[in-house]
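Everything below concerns the one structure shown next.
Atoms considered below: every heavy atom in the structure, side chains included; atoms not considered: hydrogens, waters and symmetry mates.
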Amino acid sequence: MQFASTLLSFGILGFVNGAWQISLSELQVILNLSPGAVGVLLTGGTLVALPSMIIAGRLSDRFGPQAIVAGTGVLLAFGLAGVASIRTYLVLLPFFGVFLASSGSFDVGMNSAAITVEQQSGGSIMSYFHAAYSGAAAIGALVAGVMLGAGLSLSMVYLCLAGLTLIFVGGLVTRLSYPAQSTTEEVSDGDASVRSLFFEPIILLVAVIVSLAFFAEGAMENWAAIYLRTVLDAPVSVGSFGVVGFHTAMTVGRINGAWAARAFAPRTLLFASGVIGAVGMAVALLTSVLPLVVIGFALVGLSMAIVAPLGFSIAGDLAPNRSGEASSVVTFVGYGAFLVGPVIIGGVAEITTLGMALALVLVSGSVISALSTQIPDSEEV
């Protein structure tokens, strides 16, 4: 029950975020927002999300992941409903904050649950949970693209997502039961426990690598559809395939990630991920032929698929009795990319072009490969 419920938690957040990414491009068109304005929305919301994730990690260790997933699920639905009803840019800002803060905290809770389930199973199964996220994100992006292409309003899409989230929270999450971590003495030390994990060299290195992967993921999730719609003039129904292709490739990569994690050392997988990601982004940006662009986006998705699951697994192994904190540290540092990413990409796009801005994904992949050489062998982790 815990495995299936945790898998579904990843699935619901993936579906919501996949649909959100497609509807974001439509929101930009409706409000006539520049890339810089979109970047401010995303960055402002992520700035609110960062401290909430640290709090969520501590609460997860104290009360169990199910409390975090249930509570933030309700806030997630509230944020979606707010965005559905508001069409003024400045008023949208706080609702973006609620949505992204609750989404980030939900992420901490579900990854804490996944770490717990993986440790109880004794196997490398983290990739399966992240595969559920990516697969559901692909479906959510496709469904949102079809709904918008069929003429349904953007508000209706957001309200459907809000309703789906509430149904999930009410029907499943409240029945979950994960044991709180047995770290009463460690957690009671306050900031000392968080500082010790933040400055654990391997956790910090892995968190930085995950942040680079999140930068690439965020670029694809938030800007791929915008790139296809505004640069290549693809209709919304066609533009959604860039995001769908990206998430589908991530799903395939993560389904096979558990096998790969057992067969290869972490440094080998991370090095290959960086190289493939850089090549995929180059393919996408050096052509205007839509199928080739989608293939390039898919290569980026395939390459980044294993990075986050590996990062959370390594962090969980290093702090087996503090999975909530370990999850929050990796998520906190990783989400830093979601904080600076939109501003960087939006700002570079304002000065040059969106294509030039997305070339930063190529740089990110190259740095992942370089940093991966510092990851220890599996037996050392």
Side-chain angles (χ1 to χ4, degrees), residues 9-10 12-28 31 33 35-57 59-60 68-69 71-86 88-111 133 136-137 140-141 144 154 157-158 161-162 164-166 169 210-211 213-226 243 308 327-328 330-346:
S9 298
F10 276 79
I12 189 65
L13 186 62
F15 186 91
V16 168
N17 282 343
W20 168 270
Q21 290 144 22
I22 294 301
S23 59
L24 181 62
S25 66
E26 194 67 11
L27 185 66
Q28 182 195 21
L31 297 183
L33 301 177
V38 175
V40 170
L41 274 175
L42 295 172
T43 296
T46 306
L47 186 61
V48 175
L50 291 177
S52 72
M53 289 186 290
I54 292 295
I55 297 172
L59 293 177
S60 178
I68 304 304
V69 173
T72 57
V74 173
L75 290 176
L76 192 66
F78 175 76
L80 286 166
V83 174
S85 60
I86 300 297
T88 304
Y89 179 76
L90 290 179
V91 182
L92 274 177
L93 284 170
F95 285 102
F96 260 67
V98 171
F99 172 78
L100 292 177
S102 56
S103 175
S105 298
F106 191 105
D107 199 329
V108 169
M110 72 183 192
N111 273 292
Y133 175 92
L154 188 60
V157 173
Y158 283 135
L161 292 175
L164 180 65
T165 303
L166 287 177
V169 171
V210 169
S211 74
F214 280 175
F215 179 87
E217 289 184 35
M220 293 295 95
E221 292 170 351
N222 295 320
W223 300 97
I226 293 175
V243 178
S327 173
S328 68
V330 175
T331 306
F332 181 92
V333 177
Y335 265 62
F338 292 135
L339 174 64
V340 301
V343 169
I344 292 174
I345 292 181

Could you report the tightest heavy-atom contact between [X] and [Y], atom names first, then the distance?
{"X": "Gly109", "Y": "Val69", "answer": "C-CG2, 3.9 Å"}
{"X": "Ala337", "Y": "Phe215", "answer": "CB-N, 3.6 Å"}
{"X": "Ala219", "Y": "Ile345", "answer": "CB-CD1, 3.6 Å"}
{"X": "Leu13", "Y": "Ser103", "answer": "CD1-OG, 3.7 Å"}
{"X": "Ala162", "Y": "Ala81", "answer": "CB-N, 4.2 Å"}

Reported [atom1]-to-[atom2] distance for the pair [X] and [Y], which is rounded to 0.5 angstrom:
{"X": "Leu161", "Y": "Leu80", "atom1": "CG", "atom2": "CG", "value": "5.5 Å"}
{"X": "Ser60", "Y": "Asn111", "atom1": "OG", "atom2": "CG", "value": "10.0 Å"}
{"X": "Asn17", "Y": "Ile12", "atom1": "CG", "atom2": "CD1", "value": "10.0 Å"}
{"X": "Asp107", "Y": "Leu100", "atom1": "CG", "atom2": "CG", "value": "11.5 Å"}

For Phe99, the ring-ring contact (aromatic ring centres under 6.0 Å, His included) test, sequence neighbours excluded, returns Trp20
Q) Stepwise, does the side chain to side chain contact (heavy atoms under 4.5 Å, CB included) test hold for Phe106 with Ile68? A) CA-CA 6 Å; Phe106 191 105; Ile68 304 304; over 6 Å; no
Sorted by chain and residue number, the side chain to side chain donor-acceptor pair (under 3.5 Å) partners of Ser105 (sequence neighbours excluded) come out as Ser52
Note to self: Counting C-beta onward and ignoring hydrogens, is there a side-chain heavy-atom pair between Val108 and Phe332 closer than 4.5 Å?
What the structure shows: no
